[in-house]
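Nothing fancy with the numbering, it's 1 onward along the sequence. Because the structure is a prediction, the values reported are computed rather than measured. Heavy-atom basis, side chains included; hydrogens, waters and symmetry copies ignored.
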Amino acid sequence: MLTQRIIRLNDKVRNTDPTIDLDRARLITEFYSRPSMDNYILRRAKAFRYFLENKRIFIDQDSQIAGHAGDRIQAVPLHPDVTKWLYDDFETLDQRVSDRLHFRNEEEKEELREIVEKWHGNTFGDFAAKLEDDDVKDMIDALVFTHGVSNQSTMNHTPDYDNLIKYGYRHYIDECKENLASFVCKDVYDMEQRINWEAMIIVMEGIIHFAHRYADLAELQAAECTDAARRQELLTMAENCRTVPEFAPKTFLQAAQLVWFTHLAIVLEAAGGDHCLGRFDQYMYPFFEKETAEGKDEGYFQEIIHEFKLKIAELWNIRQYKESIAVPGCPLWMHVMLGGVKENGRDACNELTNVFLRCLLDLQTDEPCISFRFHPGVNEETFRLAIQAARDSGGHPAFYNDTAAITYLLSLGFTLKEARNWGICGCIEPVVLGITDFQTNSSNFNVNKILEITLHNGYDPLTKKQLGIKTGDPRKFTCIGDVMEAFEAQLDFFMEKMIKLANATLGGHAFTLPTITASCFSRGCIEKGKMLQQKGSDHHYTTVSIASMANLIDSFAAMEECVFNKGYLSMEELLQLLDTNFEGKENMRQLLINKAPKYGNNIEQADKYGEWFVDRIDRSMKRFKDAHGGQWTSLHATVVYNVEMGKNVGAMPDGRLAFSPLADNASPMTGMDVNGPTAVVNSLAACDEQIPQSGMLLNQRFDPTIAAGEKGLDIIESVFRAHFAQGGYHIQINVLDDETLLAAQKEPEKYKNIIVRVAGYSAYFVELGKEIQDNIIQRTIQKGL
């Protein structure tokens, strides 16, 4: 049951309009306006410290955990030093369809306009844009692929919370000082180590001072407080902020405070999300166990967990206008990991896991992402509770297969013990916590656009440009193998273009925008005296997000069956249908839809193209190394780029109409999976899910009537177990009927707290644009096994 404190806090977070906080923009601009001969890393460290020393802070009257991103509830800092788009899209900030921000007054809007104009042409985004050759710009404009991490630093940082929570910052500062004391410069490049250690000390001391500012404020408020209970809470907060993050926490509340300060600092330092909160039920368990023995009840821990979640839910990662449309709901992809196995392979579920899951049943929030690790020996009661939470609370948690994730990570060079300590960065991508330099947002790769270009001999009929290479006139192709061969050549061509751009961008991060806070708490960086972006970690790899594989699979199955096997139409006739968007030929469109097998129905004739495609695209990217010398891995996920990318893709051989949404993630095309959820997971299994080392994202939607009660949990559990038994990696669910979602579209004020799984994140349904809402409603609703 929620306490009145949490009800009030939730109301503030949920119902306060987000407003722009100028502090970061103002203070960073002020700092960089001063001349300096400091190395760029020292300059960034000192700029961040200056910001933390001078940003306005406050303590909400209901808080036990100190710290906010801005100077009030739902205040949103901006990064004019990083984001080129802030200049380009300035006028959209308070006019957007989704993720709209408000200015406190016109004076602040004009001040921000002046700040943005000062940075114009000199942001990291401007640097990244200059890396795009003219031909690559054309490919990006056509949405063949996107230019990822071009307006932020490398993301996907996962601090080593397992150890950080045991030692506190002072331990790491002392380690840096010891390294500096023994430092000898034997080579010009050695100076980089000295600079990095100094920068790390500056940043960690800056965060400690930031915490002490909250301690001072709490003591000041306590002295003026007339309520005895609140006065004691403020004094406890002050003590906590003087203890952590400088020293190791002594209590559950202090441990939560340390994690929050660290996470907040990472977010404030550089634009971006995707920073994993690690295995909360593991590193917090010793404090839970100790204080439970001392007499603390579950309500005490639940209140801290609820506030911790609300702290994350209040964060924003504001994006450029076109991404606010393509990725609405301001996803952060900040995962809390639950369950899984320990380092020794035994079940890691404990009573804190259950407490956290029961919290989900009491309070739904869109952030953080809650992720549950399944394995064959999982505690059945806990697994069942997790399924109930997902069914009843908007899709949290999502479910992951330990066996599949560990297999991925072993293939990437981790030891077995390391691989067992994994978490999620991004939508569904597995990383080993605290020791991985990983980048997921290198690009969203539009394979269906590549098929369209293939079917026009390298020419893009939408932009009227020769974007690809010439692979032959499709009208002369005599078998499906000819189409596959031409597609593979185009795929390799565009993949090379994308990877060259991504590697240059990753290189740019190392020399312009390192993430210092994250480097302090990633193993390897202090030891080597290197930032994460300078190969500080021992493990590096980068992911490409592959969009909407279902349409590609179905298109190849349709061409094979309807053109080359049965001869219902020729390739010339097919191309004419596609170029005219089936105008006046609905009967032929229905033929392609109904006469050809479809992915998601456990039909080998379709699924074989999934197996071919998943393997072929992985081999295409593995011809290259990333900018850190690591592997490229594939991720079959779209976020909701399937809607935006669909606007750039004409009609397709699977019968999809021009410019309509593509399939979401690795799920079947909407309405095409007609044989039930078991058939869906069988089709995924046929694609060999062990190949894409960053996973395949599967959405499933269940009818509330079928999913109700214990029998409903039985049905959902059966689907999950069938999926994981075949090597499936990920699955997430929505349990909502069409009637509820349609009613929410008509009267959003009555349904404002409905949360839906979108892709690798959840969002409030009413805050999504209508196109995205419609796409979610159109997903197949499963009514049985």
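In this structure, Lys290 is not positioned above the aromatic face of Phe287 in the sense of NZ or CZ being under 6.0 Å from the six-membered ring centre and within 45° of the axis. Geometric assessment of Arg34 against the ring of Tyr50 yields a positive cation-pi assignment under the 6.0 Å and 45° thresholds.
The stretch residues 194-207 participates, sequence neighbours left out, in these salt bridge (charged side-chain N to carboxylate O under 4.0 Å, His left out) pairs: Arg170-Glu205, Arg194-Glu198. For residues 303-312, the salt bridge (charged side-chain N to carboxylate O under 4.0 Å, His left out) pairs, not counting sequence neighbours, are Arg5-Glu303.
For the salt bridge (Lys or Arg N to Asp or Glu O under 4.0 Å) test, no residue two or more places apart in sequence or in another chain qualifies with Glu749. Every residue was checked against the ring pair (Phe, Tyr, Trp, His ring centres under 6.0 Å) condition with Phe51, not counting sequence neighbours, and none meets it. For Phe48, there are no ring pair (Phe, Tyr, Trp, His ring centres under 6.0 Å) partners two or more places apart in sequence or in a different chain. Scored by the salt bridge (Lys or Arg N to Asp or Glu O under 4.0 Å) test, Glu219 finds Arg242 as partners (sequence neighbours excluded). Leu235 meets the side-chain contact (heavy atoms from CB on, under 4.5 Å) test with Ala222, Arg231, Gln232; sequence neighbours excluded. Under the salt bridge (Lys or Arg N to Asp or Glu O under 4.0 Å) criterion, Glu178 pairs with no residue, sequence neighbours left out. The ring pair (Phe, Tyr, Trp, His ring centres under 6.0 Å) check on Tyr167 picks up His171, with sequence neighbours excluded. Evaluation of the salt bridge (Lys or Arg N to Asp or Glu O under 4.0 Å) rule for Asp62 yields Arg8, Lys12 as partners, not counting sequence neighbours. Listed by chain and number, the residues in a ring pair (Phe, Tyr, Trp, His ring centres under 6.0 Å) with Phe308 are Phe280 (sequence neighbours excluded).
Other residues, nucleotides and ligands contribute at most 12 non-hydrogen atoms within 6.0 Å of the NZ atom of Lys118. A 6.0 Å sphere centred on OH of Tyr40 holds more than 12 heavy atoms belonging to other residues, nucleotides or ligands. Within 6.0 Å of the OH atom in Tyr87, the count of heavy atoms belonging to other residues, nucleotides or ligands does not exceed 12.
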Any chance you could lay out the side-chain contact (heavy atoms from CB on, under 4.5 Å) test for Asp297 and Thr292, step after step, and finish with the verdict? CA-CA 6 Å; Asp297 62 10; Thr292 297; over 6 Å; no

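Side-chain polar atoms of Lys752 and Asn15 form a donor-acceptor pair below 3.5 angstrom.
Distance check: Asp160 CG to Ile435 CD1 gives 8.5 Å after rounding to the nearest 0.5 Å.
Looking at Cys359 and Phe301, their side chains never come closer than 4.5 Å, going by heavy atoms from C-beta outward.
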Can you list, pair by pair, the side-chain donor-acceptor contacts under 3.5 Å of residues 18-25, counting residues two or more places apart and other chains?
residue: Thr19; atom: OG1; partner: Arg72; partner atom: NE; Å: 3.0
residue: Thr19; atom: OG1; partner: Arg72; partner atom: NH2; Å: 3.2
residue: Asp21; atom: OD1; partner: Asp23; partner atom: N; Å: 3.1
residue: Asp21; atom: OD1; partner: Arg56; partner atom: NH2; Å: 3.4
residue: Asp21; atom: OD2; partner: Asp71; partner atom: N; Å: 3.4
residue: Asp23; atom: OD1; partner: Arg26; partner atom: NH1; Å: 3.3
residue: Asp23; atom: OD1; partner: Arg56; partner atom: NE; Å: 3.0
residue: Asp23; atom: OD1; partner: Arg56; partner atom: NH2; Å: 3.0
residue: Asp23; atom: OD2; partner: Arg56; partner atom: N; Å: 2.8
residue: Asp23; atom: OD2; partner: Arg56; partner atom: NE; Å: 3.2
residue: Arg24; atom: NE; partner: His79; partner atom: NE2; Å: 3.4
residue: Arg24; atom: NE; partner: Leu268; partner atom: O; Å: 2.9
residue: Arg24; atom: NH1; partner: Asp81; partner atom: OD1; Å: 2.9
residue: Arg24; atom: NH2; partner: Asp81; partner atom: OD2; Å: 3.4
residue: Arg24; atom: NH2; partner: Glu269; partner atom: O; Å: 3.1

